[in-house]
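When reading the values below, keep in mind they use all heavy atoms of this one structure, side chains included, and skip hydrogens, waters and symmetry mates. When a residue number appears, it is its place in the shown sequence, counting from 1. These numbers were taken from a predicted model, which means no experiment stands behind them.
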Amino acid sequence: MSGQTYTGDVQVGGPADVRELPGLTIRKLAVSEMANNVYLLTSTATGESLLVDAAAEPAALLELIGDADVRTVVTTHGHWDHHRALLEVVQATGAETVAHPADAADLPVPVTRPVSHGDTVPVGDQTLAVVHLRGHTPGSIALVWRGPEGAGTHVFTGDSLFPGGVGNTQSDAARFTSLVDDVESRLFGELPDDTWVYPGHGADTTIGAERPNLPEWRARGW
């Protein structure tokens, strides 16, 4: 697999980390006092790009984008720290805005393409599958890319799955159960262990690294 130097360890104010995979280039940048991760995905074949979470610092995001042909901005969920630069990025690129309808009212711009569980979103000749993960917010989604031979499987989880646990559910037992159930069935139940996980904040992980910890997460309730 190419992109051996990629670690996913990025710092606010630092450069993007770049992963070149067969069919897709992934650029990860950290922005804002919340250390939000932003991902720019570019089809190798067509040059078309998609941005995951226009979180903050529009100037930094537009520098990341450069002359990339950004057709789409996906917002993983409605929390304010994940869409503060969405208006400026959409104005600069003319990109289509994608989010789940349950969180659409929280965004600063209209959602031009609502998506639900099982839908797909294109990045040039590549395809992202939408996974609805209910609990962190009502409309939280993850995006799964199943690459060609040698590229592996990759999932962008927003704030629903991190190294060491699921997203914050504010000590709400029902929301926690909903989220951990969806993560178990829709991510752990569907994706292989070597699936690379790109979260909304902090370091990357893999499905295999997190899977054994699920009983501990359930027991502790967060």
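In this structure E210 satisfies the side-chain hydrogen bond (donor to acceptor under 3.5 Å, both in side chains) test together with T205, sequence neighbours excluded. Partners of Y39 under the ring pair (Phe, Tyr, Trp, His ring centres under 6.0 Å) rule, at least two apart in sequence or in another chain, are F156, Y198. Residues meeting the salt bridge (charged side-chain N to carboxylate O under 4.0 Å, His left out) test with D119, sequence neighbours left out: none. With sequence neighbours excluded, no residue forms a ring pair (Phe, Tyr, Trp, His ring centres under 6.0 Å) with H83. Taking the salt bridge (charged side-chain N to carboxylate O under 4.0 Å, His left out) definition, one finds that D194 meets it with nothing, sequence neighbours left out. Under the rule for a salt bridge (charged side-chain N to carboxylate O under 4.0 Å, His left out), D81 has no partner lying at least two apart in sequence or in another chain. Under the side-chain hydrogen bond (donor to acceptor under 3.5 Å, both in side chains) criterion, D182 pairs with R134, sequence neighbours left out. Partners of E33 under the side-chain hydrogen bond (donor to acceptor under 3.5 Å, both in side chains) rule, at least two apart in sequence or in another chain, are R84. A search for salt bridge (charged side-chain N to carboxylate O under 4.0 Å, His left out) contacts involving R113 returns nothing, not counting sequence neighbours. Every residue two or more places apart in sequence or in another chain was checked for a side-chain hydrogen bond (donor to acceptor under 3.5 Å, both in side chains) with D172, and none qualifies.
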Please tabulate, for the side chains in residues 86-96, all donor-acceptor contacts under 3.5 angstrom to protein atoms that are two or more places apart in sequence or on a different chain.
residue : atom : partner : partner atom : Å
T93     : OG1  : V89     : O            : 2.7
T93     : OG1  : A95     : N            : 3.2

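Enclosure of atom CD in Q170 by more than 12 non-hydrogen atoms of other residues, nucleotides or ligands within 6.0 angstrom is indicated.
Counting heavy atoms from C-beta outward, F188 and I207 have side chains that approach closer than 4.5 Å. Using a 4.5 Å cut-off on side-chain heavy atoms (C-beta onward), V130 and S116 make no contact. In this structure the side chain of V180 reaches within 4.5 angstrom of the side chain of L214, judged on heavy atoms.
Between the side chains of S43 and D125, at least one donor N or O sits under 3.5 Å from an acceptor N or O.
Partner N36 forms a side-chain contact (heavy atoms from CB on, under 4.5 Å) with one of D53, V31, V12 and no other, that one being V31.
Each ring-ring contact (aromatic ring centres under 6.0 Å, His included) pair with one or both residues in residues 87-107, not counting sequence neighbours, appears once here: H100-H132.
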Apply side-chain contact (heavy atoms from CB on, under 4.5 Å) to residues L179 and W217 and explain how you reach the verdict.
CA-CA 11 Å; L179 179 54; W217 302 347; over 6 Å; no

Go through it in stages, so that I can follow the logic: the residues are D69 and R71, the test is salt bridge (charged side-chain N to carboxylate O under 4.0 Å, His left out), and I'd like the CA-CA distance, side-chain angles, deciding distance and then a yes or no.
CA-CA 6 Å; D69 181 15; R71 303 287 184 92; 2.8 Å; yes

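Atom OG1 of T25 sits about 9.0 Å away from atom CG of L40, to the nearest 0.5 Å.
Not less than 6.0 angstrom separates the ring centroid of W196 from the ring centroid of H154.
A perpendicular orientation is assigned to the rings of H79 and H136, their planes being inclined by more than 60° (bins at 30° and 60°).
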